[in-house]
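Residue indices begin at 1 and follow the sequence shown.
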Amino acid sequence: QVFLVESGVGLVQAGGSLRLSCSASGRTSTIYTMGWFRQAPGKEREFVAAISWSGGRIYYSDSVKCRFTISKDNAKNMVYLQMNSLKPEDTAVYYCAAGGVSGSVYYPRGYDYWGQGTQVTVSS
């Protein structure tokens with residue numbers, strides 16, 4: 001079992017920045033990929049970014065590329081999402097996820113464990 005806890009809930013104006021953190025505990029040795037997803041009201045959960053736990057391979061959705069940066073600290077079992085140039089359409093609940101080897105990084109089904117989610121609101 002892997003336990004994930006997000007932090008960094010915030011309200012920010014358009015153009016501003018925010019950093020989300022995700023702390024992993026439990027059987028972290030089983031983690032292959034860590035990802036961030038988001039879900040806006042009435043919409044499906046969508047992929048934001050992912051990073052391989054050991055090799056550092058990084059993936060981004062087109063909508064956040066060049067604005068968001070995912071990073072990790074293996075020693076602390078932490079994953080971060082630095083969000084810059086935020087837009088009102090970035091408003092959503094953001095979820096941290098941990099996945100195993102067999103999954104696809106771009107889809108929720110590729111992840112076995114999820115955090116409780118943290119609200120990010122970007123005002124115009």
Side-chain angles (χ1 to χ4, degrees):
Q1 186 81 350
V2 175
F3 303 94
L4 304 172
V5 178
E6 302 100 337
S7 60
V9 59
L11 171 64
V12 63
Q13 288 189 329
S17 298
L18 194 63
R19 189 175 86 152
L20 302 182
S21 301
C22 176
S23 173
S25 61
R27 297 185 63 192
T28 57
S29 62
T30 63
I31 297 174
Y32 185 76
T33 303
M34 292 289 293
W36 287 97
F37 285 75
R38 66 187 182 187
Q39 189 165 17
K43 294 188 176 181
E44 293 187 353
R45 193 167 297 191
E46 66 170 355
F47 171 76
V48 175
I51 187 168
S52 62
W53 198 234
S54 60
R57 187 176 299 179
I58 291 176
Y59 311 82
Y60 293 106
S61 70
D62 288 342
S63 61
V64 307
K65 198 177 296 183
C66 299
R67 297 190 299 123
F68 291 11
T69 302
I70 189 171
S71 62
K72 62 184 177 73
D73 185 332
N74 292 76
K76 296 181 179 179
N77 288 330
M78 295 289 295
V79 175
Y80 307 97
L81 186 68
Q82 177 66 43
M83 304 184 292
N84 299 328
S85 302
L86 282 161
K87 305 174 182 179
E89 50 264 44
D90 294 318
T91 296
V93 177
Y94 283 70
Y95 296 90
C96 176
V101 176
S102 60
S104 168
V105 302
Y106 298 105
Y107 301 96
R109 66 173 181 265
Y111 296 81
D112 304 304
Y113 305 102
W114 294 84
Q116 80 286 356
T118 187
Q119 178 70 46
V120 172
T121 302
V122 183
S123 63
S124 57

Does atom [atom1] of [X] have more than 12 heavy-atom neighbours from other groups under 6.0 Å away?
{"X": "Tyr60", "atom1": "OH", "value": "yes"}
{"X": "Gln1", "atom1": "CD", "value": "yes"}
{"X": "Gln116", "atom1": "CD", "value": "yes"}

Under a 4.5 Å cut-off applied to non-hydrogen side-chain atoms, are [X] and [Y] in contact?
{"X": "Ser21", "Y": "Met78", "answer": "yes"}
{"X": "Val64", "Y": "Arg38", "answer": "yes"}
{"X": "Asp112", "Y": "Val2", "answer": "no"}
{"X": "Thr30", "Y": "Trp53", "answer": "no"}
{"X": "Phe68", "Y": "Ser61", "answer": "no"}

Short side-chain to backbone donor-acceptor contact, [X] and [Y], under 3.5 Å:
{"X": "Glu6", "Y": "Gly117", "answer": "yes"}
{"X": "Arg67", "Y": "Ser85", "answer": "yes"}
{"X": "Asn74", "Y": "Ser54", "answer": "no"}
{"X": "Thr91", "Y": "Val122", "answer": "yes"}

Quick one: do [X] and [Y] end up in the same hydrophobic cluster if we chain Ile, Leu, Val, Met, Phe, Trp and Tyr together by side-chain heavy atoms under 4.5 Å apart?
{"X": "Tyr95", "Y": "Leu81", "result": "no"}
{"X": "Phe37", "Y": "Tyr107", "result": "yes"}
{"X": "Tyr111", "Y": "Ile51", "result": "no"}
{"X": "Tyr80", "Y": "Trp114", "result": "no"}
{"X": "Tyr59", "Y": "Tyr94", "result": "no"}

(message) For Ala92 versus Ala40, what's the shortest heavy-atom pair and its separation?
(response) CB-N, 3.8 Å
(message) Just verifying a value: how many Å separate Lys65 NZ and Ile58 CD1, rounded to the nearest 0.5 Å?
(response)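 It is 12.0 Å, given to the nearest 0.5 Å.
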(message) Below 30° counts as parallel, above 60° as perpendicular, anything between as tilted: where do the rings of Phe47 and Tyr106 land?
(response)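 The arrangement is perpendicular - the two ring planes meet at more than 60°.
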(message) Salt bridge check, Lys87 against Asp90: does any charged N sit closer than 4.0 Å to a carboxylate O?
(response)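 Salt bridge: no.
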(request) May I have the step-by-step check of side-chain contact (heavy atoms from CB on, under 4.5 Å) for Tyr113 and Ile31, ending in yes or no? (result) CA-CA 10 Å; Tyr113 305 102; Ile31 297 174; 5.9 Å; no
(message) Given Met34, which partner from the list Leu4, Ile70, Val105 fulfils the side-chain contact (heavy atoms from CB on, under 4.5 Å) test?
(response) Leu4
